[in-house]
Amino acid sequence: MAAGYLDILRTRHAARLLTGTLVGRLPNGTAHIAIVLFTRAEGGSYTLAGALAAAYGLATAVGQPLLGRAVDLYGQPRVQFPAAVVSALGMAVLALMGLGSLPAAYAAVVVAGVFTPPLEGGLRALWPTVLGREDRVHRAYAMDAVAQEVMFTVGPLLVTVLVSLWSPAAALLVINAVGVLGALSVVLSEPSRVWRSAPREAHWLGALRSPGLLALLGAFFFVGLALGSITVAGVAYADDHGRESVYGWLMAALGLGALVGGAVYGARQWAGAPERRLRVIVALLALGYLPLMLTPGVPAMTALAALAGVFLAPAIACSFIVVDRHAPRGTVTEAFSWLVTTFGVGAAAGTAVAGPAVEIGGTGWSFAVAGAGGVAALLVLLATGRVLAAPGRTPAVVAGSENDRNGAAEPGFSSGHKA
């Protein structure tokens with residue numbers, strides 16, 4: 001299993017691109033907890049902290065596909081690095097000005113969110129050029145999904161360490177400065193500098209004119225909803241058991257399950273259409289969420305959380321393949337950015353729904369939101385099976401791939417892009 005991942009990491013540019021992207025995404029992955037801690041340290045209420053974090057999240061949801069389209073049109077360096085700098089400046093304004101002027105604070109987080117660089121989509125657009133063979137690209141997608149779980153585990157821990165050593169304002173400044181360095185590392189790499197998207201048909205909908213992509217986004221809105229609801233439900237479960245540490249155990253188990261599932265999924269080659277495989281994985285994901293409604297004792301609940309996480313990273317990794325197959329020619333970065341946005345909006349909706357569910361029916365009902373989200377995602381995939389069965393683009397040889405203008409990949413690699 002490890003040999004396949006080591007093979008990818010030993011490939012020229014691969015480790016740098018993966019590391020640079022993860023570091024560059026630290027500001028986004030830690031923004032919500034950093035904003036909450038900063039607001040509380042400045043004397044703001046939890047309501048204000050939540051509102052500022054929500055403003056950042058909504059701004060990011062708006063900015064990602066717009067910047068993704070800009071990357072497809074103008075290339076990565078001309079968009080990614082300037083966006084990272086502007087986003088970091090927005091957070092710096094918040095850190096240095098504080099909450100003395102609430103309109104300025106909201107403006108700062110909105111600017112930071114809108115200009116969050118679409119590094120995630122950009123990396124996935126680069127993998128075919130860097131890795132060549134289709135099986136290696138698919139394994140990289142799985143490794144990418146696993147790496148996300150690591151970032152979302154380590155990132156908040158890093159913020160809390162910086163807060164304890166210095167202050168919440170310093171944490172905001174340091175995390176965003178590091179993020180700029182990560183983006184700089186990516187855009188200075190050769191694959192990022194030479195990558196160009198294929199010519200695209202002028203259309204105001206861009207990537208969203210693909211019915212298959214719309215179907216996938218609809219499904220992953222509900223996957224995001226399920227995951228977002230679990231974060232709230234986990235807090236409620238910890239409160240029921242009178243120990244804050246229980247929440248940490250549940251989230252760690254969920255992340256561990258995703259790490260194991262993603263590593264196993266990416267270690268082998270899979271036959272058949274990825275759209276059919278995605279339906280099976282999402283069905284198993286929903287099946288893993290449903291037992292959480294039982295809310296047993298802490299040891300059993302921790303085990304159920306680990307089981308619930310097993311199919312998350314495989315579902316995300318498989319969705320990357322489906323996105324690449326259905327994104328219209330010349331819109332690959334934008335399409336991946338829409339997936340990020342839809343998943344994030346779904347997660348925000350899940351947190352919003354799970355809160356009232358706890359108050360109305362207790363902790364079990366809040367976990368039921370996760371189960372319902374998984375089932376809804378599966379129903380969307382089943383209802384749109386015919387649309388998903390017809391990829392928007394015919395697979396082509398590497399020479400015609402928008403991701404390999406320089407012929408870097410091996411002959412015979414089918415990237416899913418039209419010639």
Side-chain angles (χ1 to χ4, degrees), residues 14-39 52-53 55-57 59-61 63-64 67-68 71 76 79-96 108-124 126 143-189 192 227 231 251-252 255 258-259 313 316 336-337 340-341 343-344 347:
R16 173 178 177 174
L17 289 172
L18 180 63
T19 303
T21 298
L22 290 175
V23 173
R25 291 180 56 220
L26 267 178
N28 179 241
T30 61
H32 291 82
I33 186 171
I35 290 172
V36 169
L37 292 175
F38 175 78
T39 303
L52 287 171
Y56 174 87
T60 303
Q64 285 291 290
L67 291 174
V71 167
Q76 294 196 4
V79 177
Q80 302 276 38
F81 183 66
V85 172
V86 174
S87 179
L89 288 175
M91 282 300 194
V93 168
L94 177 67
L96 297 175
V109 297
V110 167
V111 167
V114 167
F115 286 94
T116 297
L119 293 168
E120 193 173 348
L123 175 64
R124 289 157 202 162
L126 294 176
M143 185 173 66
D144 188 358
V146 169
Q148 285 187 67
E149 297 299 325
V150 175
M151 186 195 70
F152 283 115
T153 300
V154 174
L157 178 61
L158 179 59
V159 170
T160 57
V161 170
L162 290 172
V163 168
S164 64
L165 291 177
W166 290 299
S167 68
L172 277 174
L173 293 172
V174 171
I175 288 291
N176 281 272
V178 170
V180 170
L181 293 178
L184 181 63
S185 175
V186 171
V187 301
L188 289 180
S189 68
S192 180
L227 193 61
T231 61
M251 294 302 103
L259 286 172
I316 294 173
F336 279 122
S337 298
V340 174
T341 287
F343 192 86

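Nothing here was measured: the structure is a model prediction, and the numbers come from that model.
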(request) Answer whether the closest heavy-atom distance between the side chains of Thr21 and Arg124 falls below 4.5 Å. (result) no
(request) Output the distance between atom CG (Leu162) and atom OG1 (Thr30), rounded to the nearest 0.5 Å. (result) 9.0 Å
(message) With rounding to the nearest 0.5 angstrom, report the CD to CG distance, Gln80 to Leu123.
(response) 10.0 Å
(message) Restricting to non-hydrogen atoms, name the atom on Ile35 and the atom on Ala53 that form the minimum distance, rounded to 0.1 Å.
(response) CG2-N, 3.9 Å
(request) Kindly give the heavy-atom pair with the smallest separation between Leu119 and Ala183, and that separation in Å. (result) CD1-CB, 4.2 Å
(request) Looking only at non-hydrogen atoms, find the nearest pair between Gly90 and Ala108 and report the distance. (result) O-CB, 3.3 Å
(request) Would you indicate whether the side-chain heavy atoms of Val23 and Leu181 approach each other to under 4.5 Å? (result) no
(message) For Leu259, give me all partners under side chain to side chain contact (heavy atoms under 4.5 Å, CB included), at least two apart in sequence or on another chain.
(response) Val146, Glu149, Val150
(request) Over all heavy atoms of both residues, which pair between Gly20 and Val186 is shortest? Give the atoms and the distance, please. (result) C-CG2, 3.5 Å
(message) Would you compute the distance between atom CE of Met91 and atom CG of Leu172 and round it to the nearest 0.5 angstrom?
(response) 6.0 Å
(request) State, with a plain yes or no, whether a side-chain heavy atom of Val71 is found less than 4.5 Å away from one of Pro118. (result) yes
(request) For Thr116, enumerate each residue passing the side-chain hydrogen bond (donor to acceptor under 3.5 Å, both in side chains) test, keeping only those at least two apart in sequence or located in another chain. (result) Tyr56
(message) Any donor-acceptor pair under 3.5 Å linking the side-chain atoms of Gln76 with those of Ser192?
(response) yes
(message) Within this structure, what is the CG-OG1 distance for the pair Leu52 and Thr39, rounded to the nearest 0.5 Å?
(response) 4.5 Å
(message) Tell me if a side-chain donor or acceptor on Thr19 pairs with a main-chain N or O of Ala15 at a distance below 3.5 Å.
(response) yes
(message) Could you tell me if the side chain of Leu96 sits less than 4.5 Å from the side chain of Leu173, heavy atoms only?
(response) yes
(request) Over all heavy atoms of both residues, which pair between Ser337 and Gly68 is shortest? Give the atoms and the distance, please. (result) OG-CA, 3.8 Å
(request) Kindly give the heavy-atom pair with the smallest separation between Ala55 and Val109, and that separation in Å. (result) CB-CG2, 4.0 Å
(request) In sequence, state the C-alpha distance, the side-chain angles, and the governing distance for Leu227 and Phe343, and then conclude on side-chain contact (heavy atoms from CB on, under 4.5 Å). (result) CA-CA 9 Å; Leu227 193 61; Phe343 192 86; 3.7 Å; yes
(message) I'd like to check Leu18 versus Leu22 (side-chain heavy atoms, cut-off strictly below 4.5 Å). Are they in contact?
(response) yes
(request) Return the set of residues passing ring-ring contact (aromatic ring centres under 6.0 Å, His included) with Phe336 (not counting sequence neighbours), or none when no residue passes. (result) none
